[in-house]
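Position 1 is the first residue of the sequence, and the numbers go up from there. Counting starts at 1 for both ligands and their atoms, in listed order. Keep in mind it's a predicted model, so treat the numbers as computed, not measured.
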Amino acid sequence: MPGRKKVYVTRELPEKAMETLESRFEVEVWRDEMPPPKSILMEKVKQADGLICLLTEKIDREVIEAAGPQLLGISQVAVGFDNIDLEAATEKGIYVTNTPGVLTETTADYAFALLMAVARRIAEADRYVKAGRWRVPWGLMMLLGQDVWGKTIGIIGMGRIGSAVARRAKGMNMRILYYDLVRREKLEKELDAEYVDLETLLRESDFVTIHVPLSPSTRHLINEERLRLMKRTACLINTSRGPVVDEKALYKALKEGWIWAAGLDVWEEEPTSPDNPLLKLDNVTASPHIASGSIETRTKMALMAVENMTAILEGRVPPNLVNREVLKVRPPSS
Ligand code: NAD
C-alpha cells in the first residue's frame, strides 16, 4: 500500500505481533535464525522509517550514521539495550525503546530456578542419571547440595527483576541483602531486606544473584578481588549480562574452590564458545540466555515493541522511551 511507513524487523516475531505490525506498516523481515550482518543493517536503515531489533544486533554509531533522515525509531525487543549506541541515536533524533516490566516475573522465575538448580545440582544429577552412572540404589553422600530455605541471598541490583527475585526469596524464608545505587526503603520494609555495601553482600551471602544492567559502571563488577570475598560455600547466579562478571576470574574461583558453584544464563560472548573452560566444570550450570523465554512473555515483549514502534511512527512519545533527551532534539509531532 503506498504511503505506509516502512519497518525493518531483524527476526521473525511471534505471530500475533507480526499480524499487528503488518496491518499497520509495510514490513520487511530478516528470516534467518542468525542475526543479520552489519552490512545488511546499514543498508536497511537507509530506507526504513523504523527498526525493530533484538539484543544480538550491534546498533553502533556506524549503523546509526548510515541511517537515512527518515529513520525515526529503534524498538528493541528486550529490557536491556546495551547493544545500542544511545548517544549516537539521540544526536540524530532517533527514538530508542525497550520492553520493561512484561518480562520481570518470567526472568525472576528463571533466576530463582537457576539458583535452586545450582544449589541442588539438578543439571549435574540429570547428566549423572542419563550417563548410566547411578549404580548405588540410594547414596547417603550422593550429589549433595546446599540448602536454600532460610539461607542468605544477596541481590545486586534491586530494580524490577531484583525485587521480584527478593519476593521469591521471602517465600523461601531467606535473609535478604541487597546492593544498588539507589536505596529502596519501601521494599526494605515489605521484604525485611537489608541495604548493604557490595563487599558486605559478597561476604555474607550464600547466594549472590545479579540484576544490574550492563554499563561502564557494571562491566566486570564481579572480578577476582570480589569473588575472593565470597564464602567457599556460596553460589553465584547471573541472569543479567555476561560482561558484568569477569569469566576468567570466575573460572579460577570455581576451579580453586573460592566459591562453590555458579549458574550462568548470560556470557561475555554469546553464543559462548564450546571451548569455554567454564563449560568443563561440573559446578557450572549453563543456559543460553533464556531467562525471559516463556511463550507468553516473548509474545508480550514483541507486542510491546510493536506498540512502541507504532507510537514513534505516529509522532507520539512511545511508552517505553529510553533516551528521553531525544525529545529535545526531535519533539513528537502530535
Ligand atoms: P531495572 O532498571 O529495573 O533494575 C536495574 C537495577 O540495577 C536498578 O535498581 C539500578 O539502580 C541498579 N544499578 C544500575 N547500575 C548499578 C550499579 N553500578 N551498581 C548497583 N546497582 C546498579 O532493570 P530490570 O528490568 O530489573 O533488568 C535488569 C537487567 O536484567 C537488564 O538490564 C538486562 O540486562 C537483564 N535481563 C536479562 C534477561 C535474560 O534473559 N537473561 C532478561 C531480562 C533482563
Side-chain angles (χ1 to χ4, degrees), residues 53-57 76-84 86 96-115 117 154-169 176-188 191 193 195-202 205 208-223 226 236-246 262-272 285-298 300-302 304-305 319-324:
C53 60
L54 309 189
L55 49 84
T56 43
E57 280 74 81
Q76 163 111 323
V77 192
V79 64
F81 44 82
D82 46 273
N83 56 313
I84 302 173
L86 278 193
V96 178
T97 60
N98 67 341
T99 62
V102 286
L103 43 59
T104 297
E105 300 302 337
T106 307
T107 307
D109 276 351
Y110 191 86
F112 217 85
L114 194 54
L115 182 155
I155 299 173
I156 303 180
M158 191 68 130
R160 286 173 293 248
I161 299 169
S163 50
V165 169
R167 290 198 175 86
R168 285 155 179 76
I176 302 168
L177 306 180
Y178 79 98
Y179 166 71
D180 197 298
L181 296 178
V182 194
R183 216 174 144 170
R184 318 258 174 208
E185 288 178 20
K186 223 174 116 205
L187 267 179
E188 287 175 29
L191 301 169
Y195 183 67
V196 291
D197 60 34
L198 184 55
E199 284 65 32
T200 307
L201 181 146
L202 294 169
S205 300
V208 172
T209 180
I210 310 172
H211 302 286
V212 288
L214 176 62
S215 70
S217 74
T218 60
R219 186 173 290 274
H220 284 194
L221 184 72
I222 300 302
N223 55 18
R226 295 198 168 121
L236 179 73
I237 310 300
N238 189 12
T239 56
S240 65
R241 284 289 184 269
V244 176
V245 177
D246 177 347
L264 303 172
D265 183 49
V266 288
W267 304 82
E268 287 208 68
E269 246 186 65
E270 296 185 355
T272 197
T285 301
S287 63
H289 202 148
I290 55 166
S292 71
S294 75
I295 297 165
E296 301 95 314
T297 290
R298 287 288 162 83
K300 285 186 203 153
M301 287 164 67
M304 198 170 190
N320 309 107
L321 184 63
V322 292
N323 55 339
R324 293 209 76 81

Handout entry: Part of V266 with heavy atoms under 4.0 Å of ligand 1, whether side chain, backbone, both or neither
Key = side chain
Fill in the blank from the handout: Going by the 4.0 angstrom heavy-atom rule, the piece of D180 near ligand 1 is both
Practice task
Classify the side-chain pair E185/Y195 by whether it contains a donor and acceptor separated by less than 3.5 Å.
Solution key: no
Practice task
Could you verify whether a donor N or O on one side chain and an acceptor N or O on the other, from S287 and D265, lie under 3.5 Å apart?
Solution key: yes
Given [options], which one has a non-hydrogen atom that is nearest to [atom]?
atom: atom 15 (N) of ligand 1; options: T99, I290, L181; value: L181
atom: atom 2 (O) of ligand 1; options: R184, R183, R219, R160; value: R160
atom: atom 18 (N) of ligand 1; options: S163, P288, S217, S292; value: S217
atom: atom 38 (C) of ligand 1; options: T239, L114, V244, T104; value: T239

Which protein non-hydrogen atom lies closest to [atom], naming both residue and atom, and how far is it?
atom: atom 31 (C) of ligand 1; result: V79 CG1, 3.9 Å
atom: atom 33 (C) of ligand 1; result: R241 NH1, 3.6 Å
atom: atom 4 (O) of ligand 1; result: G159 CA, 3.3 Å
atom: atom 28 (C) of ligand 1; result: H211 O, 3.5 Å
atom: atom 14 (C) of ligand 1; result: P213 CD, 3.5 Å

[X] side chain near [Y] side chain, heavy-atom distance below 4.5 Å:
X: R298; Y: S292; value: yes
X: R226; Y: V245; value: no
X: V322; Y: Q76; value: no

Handout entry: Pair R168-E105, salt bridge (Lys or Arg N to Asp or Glu O under 4.0 Å): steps then yes or no
Key = CA-CA 10 Å; R168 285 155 179 76; E105 300 302 337; 2.8 Å; yes
What atoms in ligand 1 come closer than 4.0 Å to a heavy atom of [X]?
X: V182; result: 11 (O)
X: H289; result: 39 (C), 40 (O), 41 (N)
X: G157; result: 7 (O)
X: Y179; result: 19 (N), 20 (C)
X: D265; result: 39 (C), 40 (O), 41 (N)
X: V212; result: 7 (O), 13 (N), 16 (C), 20 (C), 21 (N), 22 (C), 29 (C)

Nearest-0.5 Å distance, [atom1] of residue [X] to [atom2] of residue [Y]:
X: I210; Y: S240; atom1: CD1; atom2: OG; answer: 5.0 Å
X: Y178; Y: T209; atom1: OH; atom2: OG1; answer: 16.0 Å
X: L55; Y: D82; atom1: CG; atom2: CG; answer: 7.5 Å
X: I156; Y: M158; atom1: CD1; atom2: CE; answer: 12.0 Å

Handout entry: For V208, the option from L236, I155, L198, L115 that meets side-chain contact (heavy atoms from CB on, under 4.5 Å)
Key = L236
Problem - Given N98, L103, V102, the one that forms side-chain contact (heavy atoms from CB on, under 4.5 Å) with M304 - result: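 Going through N98, L103, V102 one by one, the side-chain contact (heavy atoms from CB on, under 4.5 Å) with M304 is satisfied by V102 alone.
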Handout entry: Check: I161 N/O within less than 3.5 Å of ligand 1 N/O
Key =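 Such a contact does occur with ligand 1.
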Handout entry: Any N or O of T218 closer than 3.5 Å to N or O of ligand 1
Key = no
Handout entry: Smallest separation among heavy atoms of L201 and L177, with atom names
Key =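 Shortest heavy-atom contact: CD1-O, 4.0 Å.
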Handout entry: contact_flag S240 ligand 1 heavy-atom lt 4.0 Å
Key = yes
Practice task
Report yes or no: does L214 have a heavy atom closer than 4.0 Å to ligand 1?
Solution key: no
